[in-house]
Peer 1: 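Sharing a structure here in structure tokens format.
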Amino acid sequence: MWFELIHRASSGVLLLMVLALVIIALRGLPVGHPARKTALGAGAIAIVEALLGAGLVLFGLVAENDSTARAVVIAVHLTNTLVLLALLSLTGWLARHSGVHIRSAGTLGIALALALIGLIAIGASGAVTALGDTLFPAASLREAVRHDLSPTAHLLVRMRVIHPVIAIIMGAFLIMLAGSVGRAVERARRAATFVSVLVIGQIVLGFVNLFLLAPIAMQVVHLLAADTLWIGVVVMAASTWMEPVALAAATPIETDIRAAKIRGEVAQAPRGEVRV
Ligand code: HEM
């Protein structure tokens with residue numbers, strides 16, 4: 001179908017863009033900078049992502065295939081996407097600083113780790129729900145609920161009920177956690193507010209999705225909001241766990257050269273040195 005083609009083409013473009021990011025990070029950042037490591041990690045995970053996608057096609061886990069293997073690979077695929085997004089977000093976050101100090105965040109740090117694991121569980125269960133909705137579409141909400149609760153229904157249909165339940169429990173936990181982080185860590189305050197607003201928005205979107213029987217446009221919006229929420233939680237956790245070291249201050253000579261450049265008094269010498 002046309003959207004499968006779009007997915008494959010955009011995945012190819014994404015892979016090239018991530019590899020370009022790796023080259024830029026390795027060339028532009030000093031040896032030992034943490035963003036080099038996260039960029040390299042993103043490159044490796046992007047390759048795994050492409051292999052997982054290729055595996056789905058090669059093993060016939062597409063179209064009407066309703067096997068447990070397909071559900072497992074779909075959940076692993078979404079988990080891998082979340083890890084890739086986390087590494088890309090961390091690369092951007094870390095590149096703004098010249099380094100970071102890891103700080104002991106105590107109970108808050110442990111709660112953030114649990115939140116990240118919980119969000120992966122929500123995402124993976126959501127991916128299985130989406131598969132169930134695609135393979136076994138219902139004509140009405142009443143019929144969908146009857147099938148979900150029927151002991152004779154297909155496993156993918158019976159599993160649909162898990163996602164909203166864990167999403168609501170984890171959503172409440174995330175809102176409380178974001179409140180605590182916002183109060184305790186000044187630099188994580190913006191990310192924490194963003195997370196609280198997005199959790200509420202995402203739960204509303206989930207219910208709209210349910211009532212409209214998950215049309216494709218709503219699925220895309222719900223997935224986009226899930227990815228954005230995940231990035232917000234990653235940045236909130238990074239800001240709590242790590243103390244950024246500001247970019248090195250310019251030396252007095254560099255400051256003089258910059259000021260002269262602004263005044264138009266600097267000319268570039270043929271061999272590359274700066275003449276003021
Ligand atoms: C923090 C809250 C939530 C997160 C992070 C979340 C995340 C996700 C993700 C990642 C998917 C898979 C999308 C895909 O692969 O296409 C999904 C699917 C789904 N979710 Fe949620 N969800 C949340 C809350 C809810 C709630 C509260 C409901 C319902 C009451 C819900 C209903 C659905 C449905 C029906 C699907 C399958 C259709 C689709 O793909 O959109 N979600 N969710």
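Only this structure's heavy atoms are used, side chains among them; waters, hydrogens and symmetry mates stay out. Atoms within a ligand are numbered from 1 in the order they appear, just like the ligands themselves.
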Peer 1: So do the side chains of L119 and L174 get within less than 4.5 Å of each other, counting heavy atoms only?
Peer 2: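 Sidechains of L174 and L119: in contact.
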Peer 1: Of the listed options (W230, F207, F173), which comes nearest to atom 30 (C) of ligand 1 when hydrogens are ignored and any heavy atom counts?
Peer 2: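 Nearest heavy atom to atom 30 (C) of ligand 1 lies in F207.
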Peer 1: Listed by chain and number, what are the side chain to side chain donor-acceptor pair (under 3.5 Å) partners of T240, not counting sequence neighbours?
Peer 2: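 Here no residue qualifies.
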Peer 1: Applying a strict under-4.5 Å side-chain criterion to I, L, V, M, F, W and Y, I'd like to know whether V22 and L15 cluster together.
Peer 2: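 As far as the 4.5 Å side-chain criterion goes, L15 and V22 are not connected within one cluster.
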Peer 1: Testing D66, I74, V73 for side-chain contact (heavy atoms from CB on, under 4.5 Å) with L61, which one passes?
Peer 2: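 Exactly one pass, corresponding to V73.
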Peer 1: Taking side chain to side chain donor-acceptor pair (under 3.5 Å) as the definition, give me every residue that meets it alongside T68, ordered by chain and number, with sequence neighbours left out.
Peer 2: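 For T68, no residue satisfies side chain to side chain donor-acceptor pair (under 3.5 Å) once neighbours in sequence are set aside.
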Peer 1: Can you tell me the protein heavy atom closest to atom 16 (O) of ligand 1 and the distance?
Peer 2: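 For this ligand atom, the closest protein heavy atom is A130 CB, 3.7 Å.
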Peer 1: So which bit of A214 gets within less than 4.0 Å of ligand 1, heavy atoms only: side chain, backbone, both or neither?
Peer 2: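 The side chain, only.
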Peer 1: For atom 35 (C) of ligand 1, what is the nearest protein heavy atom, given as residue, atom name and distance?
Peer 2: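 Of every protein heavy atom, D133 OD2, 3.7 Å lies nearest to atom 35 (C) of ligand 1.
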Peer 1: Which of the numbered atoms in ligand 1 are under 4.0 angstrom from any heavy atom belonging to G123?
Peer 2: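 Counting atoms of ligand 1 from 1, those under 4.0 Å from G123 are 10 (C).
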Peer 1: Within the structure provided, determine whether R103 and M242 are in side-chain contact (heavy-atom separation under 4.5 Å).
Peer 2: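 Not touching, per the 4.5 Å side-chain cut-off.
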Peer 1: Give the residue and atom name of whichever protein heavy atom lies nearest to atom 13 (C) of ligand 1, and the separation in Å to one decimal.
Peer 2: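 Answer, as residue, atom name and distance: L223 CD1, 3.8 Å.
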Peer 1: So which pairs with a foot in residues 116-136 pass side-chain hydrogen bond (donor to acceptor under 3.5 Å, both in side chains), sequence neighbours left out?
Peer 2: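 Every side-chain hydrogen bond (donor to acceptor under 3.5 Å, both in side chains) pair that includes a residue of residues 116-136, provided the two are not neighbours, is S125-H163, D133-R160.
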Peer 1: Could you check whether any heavy atom of G171 sits closer than 4.0 Å to an atom of ligand 1, since that is the contact criterion I want to use?
Peer 2: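 So G171 does not count as touching ligand 1.
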Peer 1: One thing to verify: whether E143 and R146 come together as a salt bridge, which I'm taking to mean a side-chain N less than 4.0 angstrom from a carboxylate O.
Peer 2: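 Here R146 does not pair with E143 in a salt bridge, since their nearest N and O are not under 4.0 Å apart.
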Peer 1: Taking atom NE2 as the centre, does H7 end up with more than 12 heavy-atom neighbours from other residues, nucleotides or ligands that are less than 6.0 angstrom away?
Peer 2: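 No - once you tally the heavy atoms of other residues, nucleotides and ligands closer than 6.0 Å, there are 12 at most.
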Peer 1: Going by the atom numbers of ligand 1, which of them fall below 4.0 Å from some non-hydrogen atom of A127?
Peer 2: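 Once the distances to A127 are compared, the set is 12 (C), 15 (O).
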Peer 1: Anything protein N/O/S under 2.8 Å from atom 21 (Fe) of ligand 1? Just list residue and atom, please.
Peer 2: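 Sorted hits: H163 NE2, H222 NE2.
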Peer 1: Can you pull out the closest protein heavy atom to atom 39 (C) of ligand 1? Residue, atom name and distance to 0.1 Å, please.
Peer 2: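 The protein heavy atom lying closest is Q219 CG, 3.4 Å.
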Peer 1: Centroid-to-centroid, F136 to H154, below 6.0 Å?
Peer 2: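 They qualify: ring centres under 6.0 Å apart.
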